[in-house]
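Working notes for the structure below.
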Amino acid sequence: MIHAEPKRTLITAALPYANGPVHIGHLAGCYLPADIYARYLRLCGKETLFVCGSDEHGVAITLKAKKEGITPQQLVDKYHTLMKESFEQFGISFDIYHRTSEKLHAETASDFFKVMYDKGGFIEKTEEQYYDAEQKQFLADRYITGTCPRCGNAGAYGDQCEKCGTSLSPKDLINPRSAISGNTPVLKTTSHWYLPLDRLQETFLNDYINQHKDDWKVNVYGQCKSWLDAGLQPRAITRDLDWGVPVPVKGAEGKVLYVWFDAPIGYVSATKAWCEANGKNWHDYWDKNSGTRLLHFIGKDNIVFHCLIFPAILHAQGEFVLPDNVPANEFLNLEGDKISTSRNWAVWLHEYLHDFPGREDELRYVLTSIAPETKDSDFSWKDYQQRVNSELVSILGNFINRVMVLTWKFFDGKVPAYNAAYHTQDQQYRKELKYGFHVMEEALRHFRFREAQSELINMARMGNKYLAELEPWHLIKTDKEKTASVLHVGLQIAAALSIAGRPFLPKTADKIAFLLNLTFDKKLWDVHFFESLEFLGAGHQLNEASILFKPIEDEEVQKQTDRLEQIKKDNESKTATQPTALNAVKADITYDDFDKIDLRVGKILEAERVPKADKLLKLTVDLGFEKRTILSGIAEYYKPEELVGKLVTVVANLAPRKIRGIESQGMLLMAGNDFGKLYSVGPEQDIEPGSVVK
RNA sequence: CGCGGAGUGGAGCAGUGGUAGCUCGUUGGGCUCAUAACCCAAAGGUCCCAGGUUCGAGUCCUGGCUCCGCAACCA
């Protein structure tokens with residue numbers, strides 16, 4: 001969209017869910033780009049507000065709290081504090097880092113709901129749901145366990161059986177029980193409010209998304225388009241739960257707003273909180289006609305919520321400004337594997353800050369260099385070391401140090417005078433620097449932070465080149481005046497780096513400014529400023545030279561990769577310990593029950609992958625008396641060729657079932673758990689296929 | 001034919017129909033102010049494949065192959 005210059009910019013970064021610490025994937029995905037952009041706008045003197053906060057509601061929080069034996073509030077307090085402190089130390093320049101468990105947020109979300117409710121913006125649907133009479137509460141899907149109608153697993157959840165993976169609805173469960181009390185729940189009617197996304201798609205979203213076909217990133221637009229093409233469905237925005245923002249309607253006691261309705265409103269409540277503390281009016285930031293430009297920085301997993309659902313909510317509410325752009329990033333992998341909180345496969349921010357004190361900018365630099373702006377990218381410690389050592393240390397740090405040391409050596413640490421007679425010498429460099437600055441600015445405006453940052457390093461590179469060409473260490477012997485001129489320009493380049501580097505490397509920029517003894521009392525990022533390339537006057541006293549970056553040693557990198565190796569091993573060996581601790585023994589069965597199962601030894605004759613299925617193998621198994629086709633979800637753990645000839649245990653009388661169009665006539669017994677590898681269970685010695693297992 | 005993204009020198013990426021480029025790495029040279037850092041140069045590419053549009057395709061179109069997410073599948 002083509003805009004008039006916005007009055008102000010409101011930047012939001014995805015609210016991190018308060019059930020774990022922040023990792024490098026979060027940083028590269030949205031917090032760093034948002035921070036760079038916010039810092040850039042502020043330097044330009046533009047009115048900017050950068051808000052974020054912890055997302056603290058939802059069933060996942062209550063479940064995790066229960067597991068840890070603490071209250072949801074205690075759980076979110078713990079992670080909120082951890083995240084807030086890590087962000088701060090890392091230098092993410094939120095104007096406010098709020099949280100959704102604050103009273104102010106509840107009021108805001110509540111008001112928001114009420115306005116929409118009064119307008120008839122929701123559809124109310126009444127359904128029967130399970131209710132725990134003793135605990136006097138409705139049971140969320142996850143709070144109901146029972147026997148899976150598909151596979152007979154007694155520990156299936158109301159939304160899914162984790163044994164066979166079937167997605168369920170609570171009413172499908174045989175013999176349902178409340179996970180809280182163990183009681184048998186009763187069906188009771190309850191009503192919920194739905195956001196009519198189908199209707200909103202027709203009246204609003206189709207046009208809204210289409211409008212942004214050209215100014216949104218292709219991956220973002222593409223993702224939205226595919227959701228719209230599939231057709232949106234009404235979505236429930238309330239839940240029967242006691243953790244969250246209460247639904248502000250009479251008769252809705254015990255109901256809270258669904259976390260996905262309440263979380264983005266957290267942007268609004270964070271803004272309010274900041275405005276209250278700073279004597280501002282929050283309406284200036286959120287009102288439809290406020291002239292505010294709203295930007296959501298998120299990771300790709302959030303696209304549907306920020307590009308479709310939240311705008312739909314804002315539109316339906318009617319008084320709010322809509323997102324102008326949603327620059328979503330793809331995902332960052334770690335050493336080739338997907339980052340995973342549950343598998344502990346991550347570089348945690350708080351651990352990095354602890355292991356690499358004072359090296360925040362190094363991580364910022366690397367993460368911005370490899371930011372997954374257009375496609376998934378990969379972080380590796382070796383790459384981290386290489387980028388820091390060969391770019392930050394060798395090019396940027398070294399240039400600053402050279403120019404500092406030379407000035408102290410030849411001019412007692414005072415900025416020497418420029419002599420226009422030597423103008424032709426540095427004209428070309430001035431031109432290129434100005435051009436580089438221009439490129440950087442263009443890139444920043446279009447959220448291409450990787451490119452913008454690499455331009456910064458290019459400027460430092462030019463500085464090095466300038467010194468190498470003019471050789472002030474030779475010149476000083478023959479022409480002091482010219483040497484003065486050369487160093488004068490060199491120092492201006494250093495100053496330019498300190499300013500241009502602020503959005504990317506704030507702590508380094510401050511250090512350079514300190515070395516140069518440089519202070520500014522007006523807005524820093526001004527085109528004319530860079531035109532003149534005069535930041536330091538002749539005679540200005542510099543501080544003592546000191547080193548900007550230390551190289552990352554091999555041992556430090558080794559330590560980190562060893563740690564990751566260890567985690568990999570731990571995940572694999574969890575098979576032995578975790579499941580027994582986690583999964584309680586199922587209810588007793590009689591011998592007769594057991595006797596119903598016909599277990600046989602089978603020999604795998606053939607094995608092949610099932611097309612278009614990640615986990616499924618199609619096996620031909622010899623049971624002695626006959627050959628069976630059996631499908632098994634073990635493709636991640638076994639290669640087909642490894643299995644041929646293997647003896648395995650087969651449930652021979654399991655009712656046949658069609659999986660992806662192929663009938664599976666039995667089941668292979670495997671040992672393992674959710675985390676680690678699966679191991680087939682077979683006889684120790686070679687034995688006839690078809691032998692009975694008892 | 002589920003949905004979306006992506007395939008470009010050893011690695012990571014840029015590339016708007018008009019001479020394929022950048023950073024790292026490698027090799028050779030220069031310099032010695034500087035953190036064994038800096039500067040210059042060279043080698044290294046059937047731009048996934050096959051068709052098509054065009055005077056001209058890495059770029060546009062069609063078909064195929066491969067990779068990554070999501071979905072599905074899973075015990």
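Only this structure's heavy atoms are used, side chains among them; waters, hydrogens and symmetry mates stay out. Lettering of chains follows the sequences in order, A, B, ..., and the numbering in each one begins at 1.
- In this entry B:G28 has B:C40 as its Watson-Crick or G-U wobble partner, both defining distances falling under 3.5 Å.
- The side-chain tip of A:R430 points at the ring of A:Y418 from less than 6.0 angstrom away and within 45° of straight on.
- Of the C1' atoms belonging to B:U54 and B:C61, the separation is 12 Å, rounded to the nearest Å.
- Across the protein-nucleic acid pair, A:F331 atom CZ and B:A6 atom C1' stand 16 Å apart, rounded to whole Å.
- Taking the P atom of each, B:C47 and B:A57 are spaced 13 Å apart, rounded to whole Å.
- Taking atom C1' on both nucleotides, B:A50 is separated from B:A43 by 32 Å, rounded to a whole Å.
- Here A:F410 lies out of heavy-atom contact (under 4.0 Å) with every strand.
- Nearest nucleotide to the A:V393 side chain, out of B:A34, B:U35, B:A37: B:U35.
- Taking 4.0 angstrom as the limit, A:K409 places a side-chain polar atom (N or O) nearer than this to OP1 or OP2 of B:A34.
- Separating the C1' atom of B:U16 from that of B:G21 is a span of 15 Å, rounded to the nearest Å.
- A:E330 and A:S377 form no side-chain donor-acceptor contact under 3.5 Å, judged by distance and modelled atom types alone.
- Taking atom CZ on A:F305 and atom C1' on B:C70, their separation rounds to 13 Å, with Å as the unit.
- Side-chain contact, A:N653 with A:K596: no donor N or O sits under 3.5 Å from an acceptor N or O.
- Nucleic acid contact class of A:S369 (heavy atoms, under 4.0 Å, all strands): none.
- At a threshold of 4.5 Å between non-hydrogen side-chain atoms, the residues A:L542 and A:L515 do not count as touching.
- Residue A:L548 places its side chain closer to B:U35 than to any other of B:C33, B:G12, B:U35.
- Within the 4.0 angstrom heavy-atom criterion, no nucleotide atom of any strand lies near A:M404.
- In this structure, A:V405 reaches the sugar-phosphate backbone alone: every heavy-atom distance under 4.0 Å involves primed, P, OP1 or OP2 atoms, never a base.
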Begin from the C-alpha positions of A:I309 and A:L197 and carry the test side-chain contact (heavy atoms from CB on, under 4.5 Å) through to its verdict.
CA-CA 8 Å; A:I309 299 179; A:L197 284 169; 4.1 Å; yes
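- Residue A:M462 comes nearest to A:Y429 through the heavy atom pair O-CE2, 3.7 Å, listed as atom of the first residue, atom of the second, then distance.
- Annotation: B:C33 and B:U26 have their C1' atoms spaced 28 Å apart (nearest Å).
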Worked check of side-chain contact (heavy atoms from CB on, under 4.5 Å) between A:T561 and A:E335:
CA-CA 9 Å; A:T561 47; A:E335 305 281 358; 4.0 Å; yes
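- Here the nucleotide nearest the side chain of A:W473, chosen from B:U32, B:U35, B:C13, is B:U32.
- In this structure, the CD atom of A:E373 is 9 Å from the P atom of B:A14, given to the nearest Å.
- Residue-level contact check: A:P472 touches neither bases nor backbone, having no heavy atom under 4.0 Å from any strand.
- One atom, CD1 of A:I370, and another, C1' of B:C68, lie 16 Å apart when rounded to the nearest Å.
- Here the separation of B:C24 from B:C31, taken at their C1' atoms, is 22 Å to the nearest Å.
- Counting to the nearest Å, the P atom of B:A71 and the CD1 atom of A:I303 are 14 Å from each other.
- Of the two residues contacting RNA chain B, namely A:Y466 and A:D378, the nearest-nucleotide position lying further toward the 5' end is that of A:D378.
- The side chain of A:K465 places no N or O atom within less than 4.0 Å of a non-bridging phosphate oxygen (OP1 or OP2) of B:C38.
- Side-chain contact, A:Q492 with A:H488: a donor N or O sits under 3.5 Å from an acceptor N or O.
- If you take atom P in B:U59 and the same atom in B:C48, they sit 8 Å apart, rounded to whole Å.
- When distances run from any side-chain atom of A:H474 to the nucleotides B:A34, B:U32, B:C13, the shortest one goes to B:U32.
- B:A6 is paired with B:U66 under the Watson-Crick or G-U wobble criterion, all donor-acceptor distances under 3.5 Å.
- Projected onto RNA chain B by closest heavy-atom contact, A:K300 and A:M462 fall at different nucleotides, the more 5' of which corresponds to A:M462.
- Cation-pi geometry between A:K480 and A:F410 is not met: the NZ or CZ atom fails to fall both under 6.0 Å from the ring centre and inside 45° of the normal.
- Summarising the geometry, the separation between CG on A:L334 and C1' on B:G69 is reported as 17 Å, rounded to the nearest angstrom.
- In summary, A:E556 and A:R359 engage in a salt bridge, as defined by a charged side-chain N under 4.0 Å from a carboxylate O.
- In this entry the distance linking CD1 of A:I547 with C1' of B:A37 reads 10 Å, nearest Å.
- Rounded to the nearest Å, the gap between the P atom of B:C67 and that of B:C74 is 22 Å.
- Distances shorter than 4.0 Å separate some side-chain N or O of A:R450 from OP1 or OP2 on B:A14.
- In this structure, A:N464 reaches the sugar-phosphate backbone alone: every heavy-atom distance under 4.0 Å involves primed, P, OP1 or OP2 atoms, never a base.
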Which parts of nucleotides 24-30 of chain B does protein reach within less than 4.0 Å, heavy atoms only, written one letter per nucleotide 5' to 3' as B for base, S for sugar-phosphate only and - for none?
SS-----
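- One can place CD of A:E469 at 18 Å from C1' of B:A34, the figure rounded to the nearest angstrom.
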